[in-house]
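Inspection log for the structure reproduced underneath, given as structure tokens.
Chain identifiers are assigned alphabetically (A, B, ...) following the order of the sequence lines, protein sequences preceding nucleic acid strands; residue numbering begins at 1 within each chain. These numbers were taken from a predicted model, which means no experiment stands behind them.
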Amino acid sequence: SQQGEEDPQALSIQEGENATMNCSYKTSINNLQWYRQNSGRGLVHLILIRSNEREKHSGRLRVTLDTSKKSSSLLITASRAADTASYFCATEPNNNDMRFGAGTRLTVKP
Amino acid sequence: GAVVSQHPSWVICKSGTSVKIECRSLDFQATTMFWYRQFPKQSLMLMATSNEGSKATYEQGVEKDKFLINHASLTLSTLTVTSAHPEDSSFYICSARVSQYGKLFFGSGTQLSVL
């Protein structure tokens, strides 16, 4: 079963705009991870935020974590057409069982 | 970065045949490998967690005899879809990691089409 839900399911923006995706999960976590998937490919790890962290940055990515609300957000700033992909959050609710959210399909129009 | 190689990338087979998918970590030893199944425009569904030298832990609803997982070494795990049927057609993805709670490195996936 999946661990969490993400919203929006789909997001379409213009190049240069910011994209925000949200993820909610159900159980306590050690960390929360975000991945990206291009169509028909494997996933690529983007960023990991630990349960004792509230915010983390990596290049144009900014991730927040609110453990009290069991939610996380991924912000991509100054989006590019190449950012078009599906984005998933992932957690391990039972240890050693990485589970993914439903994902957000991002389309960045040039 | 770490590389996970998954083969084949795609396979077409007749109903009733068995298909083996390999997942190799090329430049690191993977303590754990995960196998996922993904339908078009949907998320990844965890099928099983595989630790080297021990039996795989299957998710509820995943048939052990249908999806055989072997994790014989720290760099190789295989998934065999036995007696495949059209409903087994899907995108199968493996991933591996070095340590518990660490990030996953993914294979490129295998598109299985059963006729």
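Linking Ile, Leu, Val, Met, Phe, Trp and Tyr residues whenever their side-chain heavy atoms come within less than 4.5 Å places Leu46(B) and Phe88(A) in a single cluster. A single hydrophobic cluster is not seen to contain both Ile21(B) and Leu68(B); linkage of ILVMFWY side chains at heavy-atom distances under 4.5 Å, directly or through other members, places them apart. Grouping the Ile, Leu, Val, Met, Phe, Trp and Tyr side chains by contacts below 4.5 angstrom, directly or via other members, places Phe100(A) with Phe91(B). Residues Ile69(B) and Val81(B) fall within the same hydrophobic cluster, defined by Ile, Leu, Val, Met, Phe, Trp and Tyr side chains chained together at heavy-atom separations under 4.5 Å. When the side chains of ILVMFWY residues are joined at heavy-atom separations under 4.5 Å, either directly or via intervening members, Ile93(B) and Tyr58(B) end up in two distinct hydrophobic clusters.
Counting Ile, Leu, Val, Met, Phe, Trp and Tyr side chains that sit under 4.5 Å apart, directly or through other members, Ile12(B) shares a hydrophobic cluster with Trp10(B), Leu115(B).
Distance check, rounded to the nearest 0.5 Å: CZ of Phe106(B) to OH of Tyr35(A) gives 5.5 Å.
Counting only residues at least two apart or in different chains, disulfide bond (SG atoms under 2.5 Å apart) contacts with residues 63-115 of chain B comprise Cys23(B)-Cys94(B).
Along residues 36-50 of chain A, the residues that come nearer than 4.5 angstrom to chain B, judged on non-hydrogen atoms, are Gln37(A), Gly40(A), Arg41(A), Gly42(A), Leu43(A), His45(A), Leu48(A) in order of number. Contacts between residues 54-63 of chain A and chain B, defined by a heavy-atom separation under 4.5 Å, are made by no residue at all.
The heavy-atom pair separating Met98(A) from Phe34(B) by the smallest distance is N-CE2, 3.6 Å.
Atom CG of Asp65(B) sits in a sparse spot, with 12 or fewer heavy atoms from other residues, nucleotides or ligands closer than 6.0 Å. Summarising the local packing, NZ of Lys66(B) is surrounded by more than 12 heavy atoms from other residues, nucleotides or ligands at distances under 6.0 Å. Within 6.0 Å of CD in Glu15(A) there are more than 12 heavy atoms belonging to other residues, nucleotides or ligands.
Contact of Leu104(B) with chain A is made through backbone and side chain together, with heavy-atom distances under 4.5 Å. Looking at Gln38(B), only its side chain comes within 4.5 Å of chain A, counting heavy atoms on both sides.
Using a cut-off of 4.0 Å between Lys/Arg side-chain N and Asp/Glu carboxylate O, Glu92(A) and Lys103(B) are scored as not salt-bridged.
Between the Glu59(B) side chain and the Asp97(A) main chain, no donor and acceptor come within less than 3.5 Å of each other.
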